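The basis for the numbers below is simple: all heavy atoms, side chains too, and nothing from hydrogens, waters or symmetry mates. The shown structure was predicted, so the numbers you read here are calculated from the model rather than taken from an experiment.
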Amino acid sequence: QVQLVESGGGLVQAGGSLRLSCAASGRAFSSYAMGWFRQAPGKEREFVAAISWSGGSTYYADSVKGRFTISRDNAKNTMYLQIDSLKPEDTAVYYCAARPTTVLRSVAGEYDYWGQGTQVTVSS
């Protein structure tokens, strides 16, 4: 069992930056592949980025490549999402998720554990 808690969201102006964190508790965090998803009002939850258990492999949605950076610190049981050059269309609730395998996935249904989400609002 893994518990996930996101933090770091907020209201920022377009062009600004945020760093989201996902703190994990429970067993064997370092053996879980992790991901970030987001859900805007009236839209389905969409994949943002994923990272392997070691942090050696990452995978991004095309819409965020070059602006978002996923990373993790297994010693701190924490995953991060650095978001730069924010755009109004990045406004959403951002969720972190975990799956107990080494394979990266971009489908929400393939993740077993979820956090409660953190709101990111970008003003134009």
Side-chain angles (χ1 to χ4, degrees):
Q1 189 81 6
V2 174
Q3 293 80 43
L4 304 173
V5 179
E6 303 94 335
S7 61
L11 173 63
V12 296
Q13 289 188 331
S17 297
L18 279 175
R19 189 192 197 200
L20 307 184
S21 298
C22 173
S25 60
R27 304 193 317 175
F29 169 78
S30 61
S31 66
Y32 283 65
M34 304 287 293
W36 286 99
F37 292 76
R38 65 185 181 184
Q39 188 166 18
K43 294 187 177 181
E44 293 187 353
R45 192 168 297 190
E46 66 171 349
F47 169 75
V48 173
I51 189 166
S52 63
W53 67 272
S54 67
S57 296
T58 58
Y59 176 51
Y60 295 92
D62 289 342
S63 59
V64 306
K65 282 181 181 177
R67 298 190 299 120
F68 289 25
T69 304
I70 190 171
S71 62
R72 67 191 293 168
D73 185 340
N74 287 341
K76 296 182 179 180
N77 278 12
T78 303
M79 176 178 66
Y80 305 97
L81 186 68
Q82 177 68 37
I83 309 175
D84 298 318
S85 303
L86 276 157
K87 303 176 181 180
E89 51 263 44
D90 294 320
T91 294
V93 177
Y94 283 71
Y95 299 89
C96 67
R99 61 191 307 268
T101 71
T102 60
V103 181
L104 302 186
R105 286 286 186 263
S106 61
V107 177
E110 297 193 58
Y111 284 79
D112 297 285
Y113 304 104
W114 291 85
Q116 83 290 346
T118 185
Q119 176 71 48
V120 172
T121 304
V122 184
S123 63
S124 56

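- Contact check for R45 versus W114: side-chain heavy atoms found under the 4.5 Å cut-off.
- At a threshold of 4.5 Å between non-hydrogen side-chain atoms, the residues D73 and Y80 count as touching.
- Y111 and A50 make their closest contact through OH-CB, 3.7 Å (heavy atoms, listed as atom of the first residue, atom of the second, distance).
- Taking CZ of F68 as the reference point, atom OG of S85 lies at 9.5 Å (rounded to 0.5 Å).
- In this structure, the side chains of S25 and N77 stay at 4.5 Å or more apart for every pair of heavy atoms.
- Screening Q1, R99, M34 for a side chain to side chain contact (heavy atoms under 4.5 Å, CB included) involving Y113 leaves a single residue, Q1.
- We find the CZ-OH distance between R38 and Y94 to be 4.0 Å, quoted to the nearest 0.5 Å.
- Both W36 and L86 are part of a single hydrophobic cluster, where members link through side-chain heavy atoms under 4.5 Å apart.
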_side-chain contact (heavy atoms from CB on, under 4.5 Å) between R67 and D90, worked out_ = CA-CA 11 Å; R67 298 190 299 120; D90 294 320; 2.7 Å; yes
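- Atom CD of residue E46 and atom OG of residue S106 lie 11.0 Å apart, to the nearest 0.5 angstrom.
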_Quick one, D84 with S17, criterion side-chain contact (heavy atoms from CB on, under 4.5 Å). Give me CA distance, side-chain angles, the key distance, then yes/no._
CA-CA 4 Å; D84 298 318; S17 297; 2.9 Å; yes
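- The closest donor-acceptor contact from the side chain of T91 to the backbone of V122 lies under 3.5 Å.
- Dense packing is recorded around CD of Q116, with more than 12 heavy atoms of other residues, nucleotides or ligands lying under 6.0 Å away.
- Distance check: I70 CD1 to C96 SG gives 9.5 Å after rounding to the nearest 0.5 Å.
- Proximity of a side-chain donor or acceptor of E6 to a complementary backbone N or O of G117 within less than 3.5 Å is detected.
- A distance of 6.0 Å separates CG of L20 from CG of L18, quoted to the nearest 0.5 Å.
- Scanning all heavy atoms of the two residues, the minimum distance from P100 to D112 falls at CD-OD2, 2.8 Å.
- For the pair R72 (side chain) and S52 (backbone), a donor-acceptor distance under 3.5 Å is present.
- Residues A49 and L81 approach most closely at CB-CD1, 4.5 Å, considering heavy atoms.
- At a threshold of 4.5 Å between side-chain heavy atoms, the hydrophobic network of Ile, Leu, Val, Met, Phe, Trp and Tyr places L104 and Y95 in one connected group.
- Atom OH of residue Y60 and atom CZ of residue F47 lie 9.5 Å apart, to the nearest 0.5 angstrom.
- In this structure, I51 and T58 approach most closely via the heavy-atom pair CG1-CG2, 3.9 Å.
- A98 and Y32 make their closest contact through CB-CD2, 3.8 Å (heavy atoms, listed as atom of the first residue, atom of the second, distance).
- Nearest heavy atom pair, residue A92 against residue A40, reads CB-N, 3.8 Å.
- When atom types are taken as modelled, the side chain of N74 and the backbone of S54 share no donor-acceptor pair closer than 3.5 angstrom.
- When the side chains of ILVMFWY residues are joined at heavy-atom separations under 4.5 Å, either directly or via intervening members, F37 and I83 end up in two distinct hydrophobic clusters.
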